Amino acid sequence: MTMGKKYCIGVDVGGTNIKSAFIKDGKIIKRVKILTHAEQGPGTVVDQIKNAIQTFTKPISHIGIGIAGIIDSRKGIVRYSPNLAGWTNVRLAQTINKKFKVPVKILNDVNAICLGEWKFGAGKGYNNIFLFTLGTGVGGAAVCEGKLLFGANGFAGEFGHSVIKYDGKRCTCNQFGHLEGYVGARYIVARARRRMKKRKSSLRKYKKITPRIIAQEAKRGDALAKEIFAEIGFYIGVGLSNIISLFDPEVIIVSGGISRAGKVLFESMRKTAEQRIMGAQYRKFKIIPGKLGDDAGILGAVYFAGNFSTSST
Ligand SMILES: [Zn+2]
């Protein structure tokens, strides 16, 4: 199976921006980025998705859309999306298909990133992959024995909502001790701010601190930023020890800006995971950063639309 010779369109629907791209043979030819206007509800956002698609005027063979949330890829329905207000049971694939008259497939954004990295990026050539993203939320996706894992309901891979501390703090989803409550963007930034008050740090020169900035300063050697990322690495390492025990991946891909933190994060994750798995000396696995950045999701969505038959649209 291939991407096909014709042009196709990949779309990444985020809470702030909708990114789309015109793609041929797995290569991005032209990109567009427009505002999502999530606060204006599903009607407006769907119109924005259409706008992001129709900027490309050449004939296309199919459209793939990656979107955060609980996505029913088989039926092309967005069941629920945490970043998009009012999105429950939106028949997105059907609506877009009606307008553009080509096959449309939708899938969870992290699954799209995982597919993209697997087929075109850091995961190329591997059959067992676990990928996670660190942002506001913590997402996960897996390729098992050469297949993207969807699970019985299509919701597999929710790494951020796996338990790392059974009596831990309350998560945004209302459960307790989930990984996201320890390494989500909000938590990372709050932790840095608290410590900056008492200690010298290069982070002080920034008005607004983001995980990306902390990662960058960690790489440059700032002690406080390094300490934060060593701790994040610890919590993620605990989470990964469960993943490794359950799925035995060949490679674990860290996607997103924070992978820039480099050695301090990667060593901490690896060390913690190794200490906590049974039979570590017999297991071979790599933890590596993603290669495609923001393009991974768009390329993965298009690949999905071209190669998976999941719905009638
Ligand atoms: Zn949770």
Side-chain angles (χ1 to χ4, degrees), residues 13-16 38 66-73 77-90 107-114 129-142 144 148-194 210-212 214-215 228-229 231-247 249 252-259 261 265 268-269 272-273 276-277 287 297:
V13 182
T16 313
I67 185 163
I70 305 278
I71 312 300
D72 186 335
S73 290
I77 299 172
V78 178
R79 295 288 176 204
Y80 163 76
S81 188
N83 304 325
L84 303 173
W87 280 62
T88 40
N89 296 318
V90 175
L107 80 165
N108 172 276
D109 60 340
V110 186
N111 279 343
I113 292 169
C114 189
I129 299 169
F130 185 75
L131 174 142
F132 68 91
T133 59
L134 234 85
T136 311
V138 177
C144 296
L148 186 68
L149 185 71
F150 284 94
N153 302 290
F155 315 148
E158 289 291 350
F159 189 43
H161 301 282
S162 63
V163 179
I164 59 160
K165 199 165 189 277
Y166 76 89
D167 57 350
K169 61 165 135 176
R170 200 183 274 270
C171 180
T172 48
C173 74
N174 247 349
Q175 302 298 325
F176 294 94
H178 287 178
L179 178 63
E180 190 165 302
Y182 296 83
V183 302
R186 217 174 317 166
Y187 168 82
I188 297 173
V189 171
R191 188 158 246 236
R193 285 200 176 285
R194 257 198 323 271
T210 62
R212 215 175 255 249
I214 306 170
I228 301 246
F229 267 94
E231 286 168 16
I232 293 168
F234 168 77
Y235 292 123
I236 297 173
V238 174
L240 288 180
S241 71
N242 295 318
I243 299 291
I244 293 164
S245 296
L246 292 169
F247 296 105
I252 292 162
I253 301 172
V254 188
S255 177
I258 62 116
S259 61
L265 173 68
S268 169
M269 287 190 293
T272 309
R276 283 161 188 263
I277 48 177
I287 308 180

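All figures in this text were calculated on a predicted structure; none of them were measured in a lab. Ligands are counted one by one from 1 in listed order, and the atoms in each one are counted from 1 as well.
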If you check every N/O/S atom of His178, which is the one nearest the Zn ion (ligand 1)?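 Among the N, O or S atoms of His178, the one closest to the Zn ion (ligand 1) is ND1.
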Minimum-distance atom from the Zn ion (ligand 1) among N, O or S atoms of His161: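 Closest N, O or S atom of His161 to the Zn ion (ligand 1): ND1.
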Between Val254 and Ile287, is any pair of side-chain heavy atoms under 4.5 Å apart?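 Yes, at least one pair of side-chain atoms sits under 4.5 Å.
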If you define the side chain from C-beta out and look only at heavy atoms, does anything of Val78 sit under 4.5 Å from Ile67?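 SC-SC contact between Val78 and Ile67 confirmed.
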Nearest 10°: the angle subtended at the Zn ion (ligand 1) by Cys173 SG and Cys171 SG?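 Answer comes to 110°, rounded to 10°.
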Would the Phe150 and Phe155 ring centres measure less than 6.0 Å apart?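 When the ring centroids of Phe150 and Phe155 are compared, they turn out to be at least 6.0 Å apart.
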Below 30° counts as parallel, above 60° as perpendicular, anything between as tilted: where do the rings of Phe130 and Phe159 land?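 Correct class here is perpendicular.
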